[in-house]
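Please read all numbers here as calculations on a predicted model, not as lab measurements.
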Amino acid sequence: MSPSQSAVPFIEWAFVRRLMAIALPIALQIALFSSRSLVDILMLGQLNELDVAAIGIAGRALFVVTIMLIGVTTGGAMLSAQYWGAGNARGLKQSVALTLLMTTVVACLSALVFVLMPQQVIGLATDHPEVIARGAEYLQITAISLFAIAWGSSVSVGLRAMHQPGISTFFSTVGIALNLFLNWVLIFGNLGMPAYGIVGAAWATAISGLVEIVLLFGYLHFKRHLAALTWSVFPEVMDMRMIKRFLKLSLPTTLNHLAWSGGIFMYHAIIGQAGVDGLVALSVMTPIESLALALLIGISNASAVLIGNHLGGNRMDDAYHQAWAVVVLNLACGIVIAGGMLLIRDPILDLFAAMTPQTRELTEHFFLIFCMAMIVKSLPMAMIVGVLRAGGDIRFCFYQDLGAQWLIGIPLTAFCALILKFPLEWVYAMLMLEEFVKIAASTLRIRSRAWMNNLVAGESQTSQHPA
């Protein structure tokens with residue numbers, strides 16, 4: 001066996017090193033982003049269970065929009081990766097600019113909904129009046145952070161395509177540190193400030209997000225980075241041909257992400273109908289899940305970049321073999337992470353001091369189920385995010401997610417929870433149903449090679465990217 005190969009015949013260590021060089025900064029950035037809500041829940045968990053339930057629902061609503069924004073950026077991510085692989089630096093810059101414009105529109109519309117109708121949004125998941133009141137207040141304030149998410153994720157697609165995700169990761173670290181400090185000040189009333197509780201957590205999230213994006217943009221302009229956008233590039237992208245191509249790639253993915261994240265909110269609402277205990281347990285598990293899945297998401301996104309580079313350079317066989325390599329690597333990582341999570345379950349849950357014994361027991365059961373689910377989730381995550389979307393196979397991904405979740409997963413889960421009155425642990429475990437459907441369908445799709453498309457074929461290389 002050559003030094004460049006691993007024990008698995010179609011995995012090369014050179015590929016693994018390139019993959020991890022991109023995946024680890026992305027995973028760290030995702031973990032840092034997820035830790036914002038975990039920090040809020042941990043600190044509020046010292047005070048009141050109702051705050052935990054409220055911020056859990058509000059966090060899920062913000063999650064729906066965040067995932068939708070990521071869906072909008074997918075078109076830019078695919079084009080940026082393939083432009084970079086084809087050596088077209090100007091095309092990459094234009095893709096980032098167009099992505100930023102599109103995400104700003106979505107962030108603006110979503111923020112208006114959260115500001116004008118917060119009670120209605122929170123009321124979708126619970127009928128507890130105190131939880132609705134607290135969650136609505138949190139949602140109104142944090143709506144402004146959607147702009148920071150939109151602009152940061154838009155620039156990140158360019159940095160990832162250039163294999164430089166560490167830049168945005170660094171500023172995410174600054175943002176989470178500021179969020180932690182502001183939480184300490186505003187939630188508990190330190191440094192002479194009043195104790196604002198859940199309102200303080202909301203302001204800490206909003207302020208830290210905006211400061212983070214200002215610092216990121218300032219750094220890129222100071223360094224004259226390729227991803228630093230100037231006003232001159234925006235008129236260039238106001239071209240119907242470019243907009244139509246972007247929407248052709250992004251719109252199905254955005255609808256796909258909206259349907260999927262909306263389905264996650266529906267699962268939250270189904271469990272929430274059983275009472276506050278279920279809401280609290282799910283609210284505690286949500287950021288823990290996001291942190292645990294960060295590396296798997298990072299590997300999948302990094303794979304989309306590398307496979308996109310190959311497709312843009314017409315290296316189809318390399319793209320196909322690396323697709324299966326990513327699936328195997330993600331599964332292996334999922335098994336290792338699940339085992340590690342089991343070992344640290346009790347120390348993690350001990351941090352949530354305000355949980356009642358009944359809620360603690362339910363959360364422990366949820367934790368065990370999630371560790372099993374993480375292994376299952378690792379496969380469709382790599383197949384869909386890392387492989388199929390890299391080739392622009394958006395329509396298939398959309399119909400697959402729609403069918404697996406809304407035609408199978410949600411109806412069966414709702415029936416078992418609301419009609420058959422299954423125990424909450426069983427209901428939570430049923431969230432895995434859709435993953436098995438996706439595994440089967442995605443496997444067949446990858447083997448067909450129908451997803452392997454060069455999205456930038458025939459375009460001139462107006463400027464070569466720097467070495």
side-chain hydrogen bond (donor to acceptor under 3.5 Å, both in side chains) involving [X] - partner list, sequence neighbours excluded:
X: W151; value: T104
X: T103; value: S154
X: E434; value: Y267, K438
X: N179; value: none

List in chain and number order the residues that pass ring-ring contact (aromatic ring centres under 6.0 Å, His included) with F63, two or more places apart in sequence or in another chain; answer none if no residue qualifies.
-> W260
Under the ring-ring contact (aromatic ring centres under 6.0 Å, His included) test, which residues partner W426, sequence neighbours left out?
->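 With sequence neighbours excluded, W426 shows a ring-ring contact (aromatic ring centres under 6.0 Å, His included) to F422, given in chain and number order.
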Show me the side-chain donor-acceptor pairs of residues 376-397 shorter than 3.5 Å, one per line, residues at least two apart or across chains.
from: S378; atom 1: OG; to: I375; atom 2: O; distance (Å): 2.7
from: D393; atom 1: OD1; to: R445; atom 2: NH2; distance (Å): 3.0
from: D393; atom 1: OD2; to: R445; atom 2: NE; distance (Å): 2.7
from: D393; atom 1: OD2; to: R445; atom 2: NH2; distance (Å): 3.4

Donor on one side chain, acceptor on other, Q322 and S303, under 3.5 Å =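 The answer is no; no qualifying pair exists.
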Determine which pairs satisfy ring-ring contact (aromatic ring centres under 6.0 Å, His included) with at least one residue from residues 359-388, sequence neighbours left out, and list them in order.
->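 Pairs touching residues 359-388 that pass the test: F366-Y428.
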Please identify each residue that fulfils side chain to side chain contact (heavy atoms under 4.5 Å, CB included) with [X], with sequence neighbours left out.
X: S283; value: V52, H268
X: V233; value: R90, K93, Q94, A97, L229, E236
X: V106; value: M68, L69, V72, S110

Can you tell me which residue pairs pass the side-chain hydrogen bond (donor to acceptor under 3.5 Å, both in side chains) test with a partner in residues 339-353, sequence neighbours excluded?
->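 Listed by first then second residue: D350-R360.
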Determine the sole option in L100, T66, T73 for which the side chain to side chain contact (heavy atoms under 4.5 Å, CB included) test with S153 is passed.
-> T73
Under 30°, 30 to 60°, or over 60°: which ring-plane class applies to F171 and Y219, parallel, tilted or perpendicular?
-> tilted
